[in-house]
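Have a look at the structure below, then the notes.
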Amino acid sequence: RARAEERGSIRCFTPPMATQRENRLLLLADLREALSGSGVAVAYQPIIDLRRNRASGFEALLRWNHPYRGPIPPAEFVPVAEESGLILQLGEWVLRRACADAATWPAGMKVAVNLSPVQMIGGEVPRLVREALAEAGLPAERLELEITESVLLQHNETVLATLRELRTMGVRLALDDFGTGYASLAYLRVFRFDKIKIDQSFVRDAVRRPDCLAIVRSVAGLAAELGMTATAEGVEEAEHLAMVRGAGCPEAQGYHLGRPVALAELGRFLWG
Ligand code: C2E
Ligand code: MG
Ligand code: MG
Ligand code: MG
């Protein structure tokens with residue numbers, strides 16, 4: 001014990017503070033290694049159909065368990081992967097994994113995969129999706145792709161062509177984190193989505209603030225009128241669930257209904 005302490009004290013010097021840039025480079029190198037080994041995984045969170053009270057599908061969420069830093073949230077590593085372009089390989093990996101996993105689920109159970117704006121602008125998405133579906137033997141209508149509003153902001157021709165091609169293939173499209181960007185309603189004119197995912201910040205606030213409740217109710221109504229499904233994100237408590245039901249959301253997702261878990265733990269949602 002004394003020896004260990006001694007050894008520790010010898011190594012105990014103060015390293016120069018790593019800059020943020022250096023930290024990002026280190027993180028990127030580790031992430032690259034994790035992707036080439038088996039250091040990254042996909043967790044699945046149930047999306048609950050509130051009318052039937054059962055899962056209609058699952059959202060695939062990237063998980064990275066760093067060898068000595070432990071789990072690192074996507075909010076930390078996805079931006080690093082986007083900045084470096086590694087998100088292209090990472091995104092392709094998630095897509096293939098998710099399609100292969102979903103192919104083992106009961107027919108009708110969907111899988112939702114998040115796409116980064118970097119992937120959308122790259123133009124390779126339709127080809128990758130076609131390959132992933134064929135390889136897994138998954139029907140296109142069981143795959144849902146989630147994109148955020150920010151990707152439509154630039155009116156990028158590649159993005160619009162990509163969306164059109166995906167629609168033609170029969171893949172479903174969801175607008176993620178609805179309400180967090182600018183002029184959200186304008187995007188519904190740019191492209192037709194199958195689903196709107198109401199951002200969790202609205203869901204959380206709506207139980208206390210009548211104005212937020214009005215927003216959730218209006219978005220649910222608007223979605224219904226436009227033939228889209230409204231999914232409330234971030235349902236953490238029973239009172240959130242009661243609120244989104246009352247507001248007319250046909251679907252919800254959140255810790256109260258089911259946390260993101262490993263594929264092997266999905267049993268009760270899949271067959272229950
Ligand atoms: P998102 O697509 O909006 O995913 C929902 C996030 O909310 C997930 O966080 C999920 O774990 C979390 N969540 C679900 N229910 C609750 C709840 O009741 N309360 C709270 N507080 N949070 C809840 P996660 O897994 O940390 O992912 C964060 C974001 O990272 C995602 O937001 C998505 O934008 C991005 N992301 C995750 N996986 C991928 C991926 O494979 N590709 C890309 N491009 N982005 C990903
Ligand atoms: Mg999402
Ligand atoms: Mg979301
Ligand atoms: Mg989000």
Side-chain angles (χ1 to χ4, degrees), residues 31 34-35 40-48 55 57-65 70-99 101-102 110-122 124-125 128-129 132 143-151 172-181 184 193-207 216 219 229-241 243-244 249 251-263 265 269:
L31 182 57
L35 180 60
V40 288
V42 176
Y44 293 98
Q45 183 177 34
I47 300 169
I48 305 297
F58 301 88
E59 179 173 2
L61 295 160
L62 256 172
R63 292 293 176 260
W64 179 23
N65 198 0
I72 298 184
E76 193 177 329
F77 69 81
V78 167
V80 175
E82 286 178 327
E83 194 182 279
S84 64
L86 186 64
I87 194 70
L88 297 177
Q89 287 103 287
L90 204 52
E92 181 176 346
W93 180 82
V94 173
L95 183 67
R96 288 182 192 281
R97 181 76 265 147
C99 288
D101 289 343
K110 295 190 203 76
V111 68
V113 176
N114 292 284
L115 289 183
S116 157
V118 176
Q119 290 174 279
M120 291 301 291
I121 288 163
E124 293 289 291
V125 168
L128 289 178
V129 167
L143 174 64
E144 188 162 80
L145 297 173
E146 299 192 359
I147 67 160
T148 50
E149 302 168 323
S150 66
V151 87
R172 299 169 58 86
L173 299 167
L175 194 51
D176 203 357
D177 302 340
F178 186 78
T180 54
S184 301
F193 288 85
D194 299 286
K195 179 179 282 190
I196 293 180
K197 300 191 79 171
I198 304 172
D199 191 69
Q200 39 183 281
S201 58
F202 290 104
V203 174
R204 246 189 303 282
D205 289 350
V207 291
V216 174
V219 174
T229 303
T231 305
E233 299 193 271
V235 170
E236 283 184 357
E237 293 162 32
E239 65 171 342
H240 295 154
L241 179 58
M243 183 278 295
V244 301
C249 292
E251 279 193 349
Q253 194 178 347
Y255 296 164
H256 178 70
L257 298 162
R259 288 181 174 263
V261 293
L263 177 70
E265 293 164 59
F269 293 106

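Residues: numbered from 1 along the sequence shown. Atoms within a ligand are numbered from 1 in the order they appear, just like the ligands themselves. FYI, side chains are in, hydrogens and waters are out, and symmetry mates aren't considered; it's all heavy atoms of this structure.
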Give yes or no for whether the N/O distance cutoff of 3.5 Å, strictly under, is met between [X] and ligand 1.
X: Val78; answer: no
X: Glu82; answer: no
X: Gln45; answer: yes
X: Asp176; answer: yes
X: Gln119; answer: no

Which of the N/O/S atoms in Glu59 sits closest to the Mg ion (ligand 2)?
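Relative to the Mg ion (ligand 2), the closest nitrogen, oxygen or sulfur of Glu59 carries the name OE2.
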Need the atom name: nearest N/O/S atom of Asp176 to the Mg ion (ligand 2).
OD2
How long is the straight-line distance from [atom2] of [Y] back to [atom1] of [X], given to the nearest 0.5 Å?
X: Leu88; Y: Ser116; atom1: CG; atom2: OG; value: 7.5 Å
X: Asp176; Y: Ile147; atom1: CG; atom2: CD1; value: 9.5 Å
X: Gln119; Y: Leu95; atom1: CD; atom2: CG; value: 8.0 Å
X: Gln89; Y: Leu35; atom1: CD; atom2: CG; value: 7.0 Å
X: Thr180; Y: Ile198; atom1: OG1; atom2: CD1; value: 12.0 Å
X: Leu263; Y: Phe58; atom1: CG; atom2: CZ; value: 9.5 Å

Among His256, Gln200, Arg204, find the one that has a side chain to side chain donor-acceptor pair (under 3.5 Å) with Glu236.
Arg204
Out of [options], whose heavy atom sits nearest [atom]?
atom: atom 45 (N) of ligand 1; options: Thr148, Val203, Asn114, Ile72; answer: Asn114
atom: atom 3 (O) of ligand 1; options: Asp177, Val118, Asp199; answer: Asp177
atom: atom 4 (O) of ligand 1; options: Glu59, Lys197, His256; answer: Glu59
atom: atom 23 (C) of ligand 1; options: Phe77, Tyr255, Trp93, Trp64; answer: Tyr255
atom: atom 30 (O) of ligand 1; options: Ala174, Ser201, Ala112, Pro74; answer: Pro74

Can you tell me which portion of [X] lies within the under-4.0 Å heavy-atom range of ligand 1? Options are side chain, backbone, both, or neither.
X: Pro260; answer: side chain
X: Gln253; answer: neither
X: Val94; answer: side chain

Under 3.5 Å, side chain of Asp199 to main-chain N/O of Phe178, donor-acceptor pair present?
no
Any non-hydrogen atom of [X] lying under 4.0 Å from ligand 1?
X: Gly91; answer: no
X: Arg63; answer: yes
X: Gly234; answer: yes
X: His240; answer: no

Report whether any nitrogen, oxygen or sulfur of Glu146 sits less than 2.8 Å from the Mg ion (ligand 3) (N, O or S, backbone or side chain).
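Not a single backbone or side-chain N, O or S atom of Glu146 is under 2.8 Å from the Mg ion (ligand 3).
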Which of the numbered atoms in ligand 1 are under 4.0 angstrom from any heavy atom belonging to [X]?
X: Ser116; result: 44 (N)
X: Val235; result: 18 (O)
X: Glu233; result: 3 (O), 5 (C)
X: Gly254; result: 15 (N), 18 (O)

Just wondering, do [Y] and [X] contact through their side chains at under 4.5 Å, heavy atoms?
X: Leu257; Y: Gln45; result: no
X: Val111; Y: Glu59; result: no
X: Ile48; Y: Gln253; result: no
X: Val235; Y: Tyr255; result: no
X: Leu61; Y: Arg63; result: yes

Scanning both residues in full, the closest heavy-atom pair of Gly179 with Glu149 reads N-OE2, 3.3 Å
If you compare all heavy atoms of Glu239 against all heavy atoms of Val207, which two are closest, and at what distance to 0.1 Å?
O-CG1, 3.7 Å
Angle, OE1 of Glu233 through the Mg ion (ligand 3) to OD1 of Asp177 - 10° precision
90°
